[in-house]
Amino acid sequence: MFLRTESFGQFLRLYPVISFIIAIQLVLFLIMHMPFFPHNWVLESMAGVNILIMEGEIWRLFTPIIVHVGFSHLLFNSFSLVLFGPALERALGKFMFILVYIACGLGANLATLIIHPPYYTHIGASGAIFGLFGVYLAAILIKKDSMPLQGKQVILPIAAISVVMTFFQSGVNITGHIFGLISGFIIGIVLLRYRRIDFH
């Protein structure tokens with residue numbers, strides 16, 4: 001379920017939404033580090049800055065989801081999306097998957113806006129990715145037969161370790177991680193009420 005055996009071309013064809021998200025993240029990262037582009041234009045225009053959101057720059061609730069400054073940050077989030085996104089894109093469908101992914105990131109960023117001080121700034125896809133964990137957890141707890149045992153044995157410890165590690169890493173938006181997870185869990189409950197989600 002979480003083991004990737006596809007070739008690069010097969011992955012692009014089977015999971016176009018995930019491929020598109022990663023491509024956007026990569027392009028923005030490259031733009032930020034190319035000397036002939038305006039210095040910090042991407043970061044200044046797209047980072048989540050609470051005071052600017054409160055002043056009406058609402059797009060900053062969404063754009064941080066695809067912005068990464070450090071290569072390790074970009075690599076970790078992209079790798080997590082490659083591992084844990086495909087099963088959901090296949091189970092939910094392309095359109096619903098992108099809605100869920102954005103909604104999880106939005107939930108994380110709204111909580112960050114409410115809880116953190118006005119000049120708090122944040123970027124990264126971690127809140128949205130934690131939201132995917134939340135959807136899986138909802139499926140495991142509410143519709144136990146929707147996921148094979150092997151999938152449960154992977155996602156439960158990974159989700160638990162990720163939450164624990166959130167509190168031991170510096171520079172991490174703990175609020176975004178936790179509320180991304182909560183958002184995904186709530187979204188998962190709603191989805192399971194109105195449609196069948198099968199990860200087999």
Side-chain angles (χ1 to χ4, degrees), residues 2 17-18 20-26 28-29 32 42-43 45-54 57-89 92 96-140 155-156 158-191:
F2 299 118
V17 174
I18 292 170
F20 182 68
I21 293 170
I22 293 174
I24 291 177
Q25 292 178 168
L26 181 58
L28 289 174
F29 177 81
M32 291 177 67
V42 171
L43 192 61
S45 303
M46 303 178 73
V49 183
N50 284 350
I51 187 66
L52 297 180
I53 295 171
M54 289 187 287
E57 297 187 11
I58 302 300
W59 68 84
R60 293 179 185 271
L61 286 171
F62 300 93
T63 52
I65 300 171
I66 52 174
V67 176
H68 301 81
V69 173
F71 181 72
S72 59
H73 193 200
L74 170 70
L75 184 64
F76 180 80
N77 282 343
S78 298
F79 184 67
S80 297
L81 192 52
V82 166
L83 284 182
F84 301 110
L88 268 176
E89 182 170 343
L92 298 177
M96 185 58 67
F97 175 81
I98 191 62
L99 285 184
V100 168
Y101 188 76
I102 292 172
C104 290
L106 176 62
N109 293 341
L110 278 172
T112 300
L113 174 65
I114 294 168
I115 293 172
H116 285 275
Y119 289 97
Y120 187 81
T121 301
H122 58 97
I123 56 170
S126 301
I129 291 169
F130 268 74
L132 302 186
F133 292 154
V135 176
Y136 284 125
L137 291 176
I140 290 170
I155 202 68
L156 287 173
I158 289 293
I161 291 170
S162 297
V163 170
V164 171
M165 289 303 297
T166 291
F167 294 94
F168 291 94
Q169 294 176 307
S170 61
V172 169
N173 181 4
I174 296 174
T175 301
H177 285 199
I178 299 305
F179 279 89
L181 184 73
I182 293 171
S183 298
F185 187 77
I186 294 171
I187 290 168
I189 291 173
V190 173
L191 286 174

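Residue indices begin at 1 and follow the sequence shown.
Interatomic distance, Phe133 CZ to Ile158 CD1, rounded to the nearest 0.5 Å: 6.5 Å. To the nearest 0.5 Å, atoms CG (Leu181) and CD1 (Ile129) are separated by 12.5 Å. Rounding to the nearest 0.5 angstrom, the gap separating the OG1 atom in Thr121 from the CD1 atom in Ile51 is 10.5 Å. Interatomic distance, Met46 CE to Thr63 OG1, rounded to the nearest 0.5 Å: 5.0 Å. Phe179 contributes atom CZ, which lies 10.5 Å from atom CG of Asn173 (distance to the nearest 0.5 angstrom). Ile178 CD1 to Ile182 CD1: the interatomic distance, rounded to the nearest 0.5 Å, is 7.0 Å.
Shortest non-hydrogen contact noted between Leu81 and Tyr101 is CD1-CE1, 3.8 Å. Shortest non-hydrogen contact noted between Ile123 and Val67 is CB-O, 3.5 Å. Between Arg60 and Leu43, the shortest heavy-atom distance links the atoms NH1-O, 4.3 Å. Heavy-atom minimum distance, Ala125 versus Ile65: CB-O, 3.2 Å. Nearest heavy atom pair, residue Ala47 against residue Pro64, reads C-CG, 3.9 Å. The shortest heavy-atom contact between Ser78 and Gln25 is OG-NE2, 3.1 Å.
By the 4.5 Å heavy-atom criterion applied to side chains, Leu88 and Tyr136 are counted as neighbours. Within the 4.5 Å cutoff, side-chain heavy atoms of Leu132 are placed close to those of Phe97. Inter-residue side-chain proximity for Val42 and Phe29 is flagged as unmet; no heavy-atom pair is nearer than 4.5 Å. Put simply, the side chain of Val172 does not reach to within 4.5 Å of the side chain of Met165, judged on heavy atoms. For the pair Leu99/Leu92, no side-chain contact is recorded, criterion being any heavy-atom separation below 4.5 Å from C-beta on.
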Note to self: Could you walk me through whether Glu57 and Val49 satisfy the side chain to side chain contact (heavy atoms under 4.5 Å, CB included) test, starting with their C-alpha distance in whole Å, then the side-chain angles of each, then the deciding distance to 0.1 Å, before giving a yes or no?
What the structure shows: CA-CA 9 Å; Glu57 297 187 11; Val49 183; over 6 Å; no
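Annotation for Phe2: atom CZ counts as buried by contact number, over 12 foreign heavy atoms lying within 6.0 Å.
Side chain to side chain, Asn50 and Thr112 fail the donor-acceptor criterion of an N or O pair below 3.5 Å.
The stretch residues 158-172 participates, sequence neighbours left out, in these side-chain hydrogen bond (donor to acceptor under 3.5 Å, both in side chains) pairs: Thr166-His177.
The aromatic rings of His122 and Tyr120 sit parallel to each other, their planes meeting at less than 30°, with 60° as the upper class boundary.
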